Every structure is written in structure tokens, then in C-alpha cells.
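Below is one structure, written out as C-alpha cells; comments come after it.
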Amino acid sequence: MSLTSYIRTIPDYPQKGVKFRDITTLLHNPVGLRTAIDQLAERYRNIPIDHIAVIESRGFLLGAPLAYLMNTGLILIRKKGKLPAATIGEDYDMEYGTSTIEVHTDAISPGNRILLIDDLIATGGTAEAAVKLIRKCGGEVVECAFLVNLPELGGNERLREIGCPTFSLCAFDGE
Ligand SMILES: O=P(O)(O)OC[C@H]1O[C@H](OP(=O)(O)OP(=O)(O)O)[C@H](O)[C@@H]1O
Ligand SMILES: Nc1ncnc2[nH]cnc12
């Protein structure tokens, strides 16, 4: 059974024309949540990863249990103004807005092999900004992994253009 069956679609949220893929229903379901985390852990079981980087806020929910299973630490990529120590930031556009994400400058050491986790890739604007931040700190993004891909919005292609591999557990083809 595809993981899409655990995810609810809300039309016209947060603005008209957006089909919002609501993962709260997957998170609410013990089988859905466990299946998603286990599948990610299995994919990266034999790949050397130093840290998992997670994008606020929904990325935190998947990346934290995955880091626990993989015995790695977490790097928090947060919305502007939320991290207390010295940060660097990156502005970006995404499907329904514009924002800035930041990371602590001391969170990544040069040469660190980082797995980037978020719940969903749409236009890829958020993930691209996160990859740029990690690279500015000298980190290497091994892969960007998502629970959900929205292929019609072109995010995978955008990340491919900057040389970053992507992986998604499931996809909505627009229905
Ligand atoms: O591929 P994009 O077009 O950039 O969109 C994807 C991003 O949008 C959502 O985050 P949102 O900014 O809504 O924040 P949230 O996780 O706090 O809900 C989602 O969690 C991704 O981070
Ligand atoms: N259509 C969508 N559904 C849920 N989260 C999103 N983030 C960006 N686009 C989204």
C-alpha cells in the first residue's frame, strides 16, 4: 500500500489553487509513521552519514526518529530568528510563500556527510536553500530525502541542477 493512502489532501489551503498534502493523518497512524521511518532507515542503513539535517517544522518529525534509529546527531535548519547562537541564512521562495532559513555556523564541520530530511518537496525552493546553507558551511549533502514528492512542481529537477540527489517515499501525481 502506498504511503499516499495515509496522507489527506485539503484543497485551497493555505491559499486558493494549492492542494495541501496533510501528513498529520500519516503521523497519527502508528503503521503509517512506523512504515515511513523504517523505510528511510533501511535505505540509509549501510551509507556513512555523520549527521541528519532537518528542516523546520515538519522535517523535524521525521528526521528525529530516523536519527535515533541511525545513531546520528541532528542539525536543525530553522526559520529565521529561532536559533540562539551565530547563524548563517538563506532566503527562498516556495509553493505558497517566501521565507528565510538559518543554521548555526558551528553545527557543520567541513567534510561532514549530511543526510537532509524534510516531509515534502514541492518547488524545491526550501530544500535548495537548505543544501546551499550546508554547502556554505563545508558540508556534503549525501542525499535529500522526503516522505512526499509533488513531481508536477519540479523540485527534483531543481535539486538535480545543483548536483544534489533526491529520494522520496511516495508521490502525488496531481490528482
Ligand atoms: O518545495 P517547496 O515549494 O519549497 O515546499 C516544501 C516546503 O513546504 C513545507 O514547509 P512550510 O514552509 O509550509 O513549513 P512547515 O513545515 O513549518 O509547515 C514543507 O514542509 C517543505 O519544507
Ligand atoms: N502542496 C503542499 N502540501 C503540503 N505542504 C506543502 N509545502 C509546499 N507545498 C505543499
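For clarity, every value in this text was computed on a predicted model and none was experimentally measured. All ligand and atom numbering here is 1-based and tracks the order in the structure. Numbers here are sequence positions counted from 1.
- Of all protein heavy atoms, the one closest to atom 9 (N) of ligand 2 is Glu95 OE1, 2.5 Å.
- At least one side-chain heavy atom of Phe172 sits less than 4.5 Å from a side-chain heavy atom of Ile7.
- Proximity of Leu116 to Cys164: side-chain heavy atoms (C-beta onward) are nowhere separated by under 4.5 Å.
- Note that CG of Leu133 is 8.5 Å distant from CD of Glu102, once rounded to the nearest 0.5 Å.
- By heavy-atom distance, the residue among Arg78, Arg58, Arg21, Glu128 lying nearest atom 16 (O) of ligand 1 is Arg58.
- Between Met94 and ligand 1, not a single N/O pair is under 3.5 Å apart.
- The part of Asp118 lying near ligand 1 is the side chain, judged by heavy-atom distances below 4.0 Å.
- No side-chain heavy atom of Leu147 sits less than 4.5 Å from a side-chain heavy atom of Leu120.
- Counting protein heavy atoms only, atom 3 (N) of ligand 2 is closest to Arg21 N, 2.9 Å.
- Enclosure of atom NZ in Lys80 is not indicated, since only 12 or fewer non-hydrogen atoms of other residues, nucleotides or ligands lie within 6.0 angstrom.
- When the side chains of ILVMFWY residues are joined at heavy-atom separations under 4.5 Å, either directly or via intervening members, Ile134 and Tyr44 end up in two distinct hydrophobic clusters.
- Taking hydrophobic clusters as Ile, Leu, Val, Met, Phe, Trp and Tyr residues chained together by side-chain heavy-atom distances below 4.5 Å, Ile117 shares a cluster with Ile47.
- Those atoms of ligand 1 that come under 4.0 Å of a heavy atom in Glu95, given as number and element, are 3 (O).
- Close approach to Lys19 involves these atoms of ligand 2, each under 4.0 Å from a residue heavy atom: 1 (N), 2 (C), 3 (N).
- Residues Leu169 and Ile55 do not share a hydrophobic cluster, clusters being chains of Ile/Leu/Val/Met/Phe/Trp/Tyr side chains in contact below 4.5 Å.
- Every atom of ligand 2 is numbered from 1 in the order shown, and the set under 4.0 Å from a heavy atom of Leu150 is 1 (N), 2 (C).
- Heavy atoms of Glu56 found under 4.0 angstrom from ligand 1 belong exclusively to the backbone.
- Between Gly155 and ligand 1 there is no heavy-atom distance shorter than 4.0 Å.
- Residue-level proximity to ligand 1 for Tyr96 is carried by the side chain, the only part with a heavy atom below 4.0 angstrom.
- The atoms of ligand 2 that sit less than 4.0 Å from any heavy atom of Ala122 are 8 (C), 9 (N).
- Looking at Leu120 next to ligand 1, no N or O pair under 3.5 Å apart turns up.
- Just one of Val31, Thr25, Leu33 meets the side-chain contact (heavy atoms from CB on, under 4.5 Å) condition when paired with Asn29; it is Val31.
- The shortest heavy-atom contact between Gly139 and Ile114 is CA-CD1, 4.3 Å.
- The shortest contact between atom 7 (N) of ligand 2 and any protein heavy atom is with Tyr96 OH, 3.2 Å.
- Residue Gly125 has at least one heavy-atom neighbour below 4.0 Å for each of these atoms of ligand 1: 1 (O), 4 (O).
- Closest protein heavy atom to atom 5 (N) of ligand 2: Arg58 NH1, 3.1 Å.
- For atom 14 (O) of ligand 1, the nearest non-hydrogen atom of the protein is Lys79 NZ, 3.1 Å.
- Ligand 1 has an N or O atom lying under 3.5 Å from an N or O atom of Ser57, backbone or side chain.
- Summarising the local packing, CG of Asn71 is surrounded by 12 or fewer heavy atoms from other residues, nucleotides or ligands at distances under 6.0 Å.
- Protein heavy atom at the shortest distance from atom 19 (C) of ligand 1 is Asp119 OD1, 3.3 Å.
- In the vicinity of Thr126, heavy-atom distances shorter than 4.0 Å reach the ligand 1 atoms 2 (P), 4 (O), 5 (O), 6 (C), 7 (C), 22 (O).
- Annotation: atom 3 (O) of ligand 1 to nearest protein heavy atom, Thr123 OG1, 2.6 Å.
- With rounding to the nearest 0.5 Å, the separation of CG in Leu76 from NE2 in His51 is 10.5 Å.
- Glu161 has no carboxylate O lying under 4.0 Å from a charged side-chain N of Arg158, or vice versa, which leaves the two without a salt bridge.
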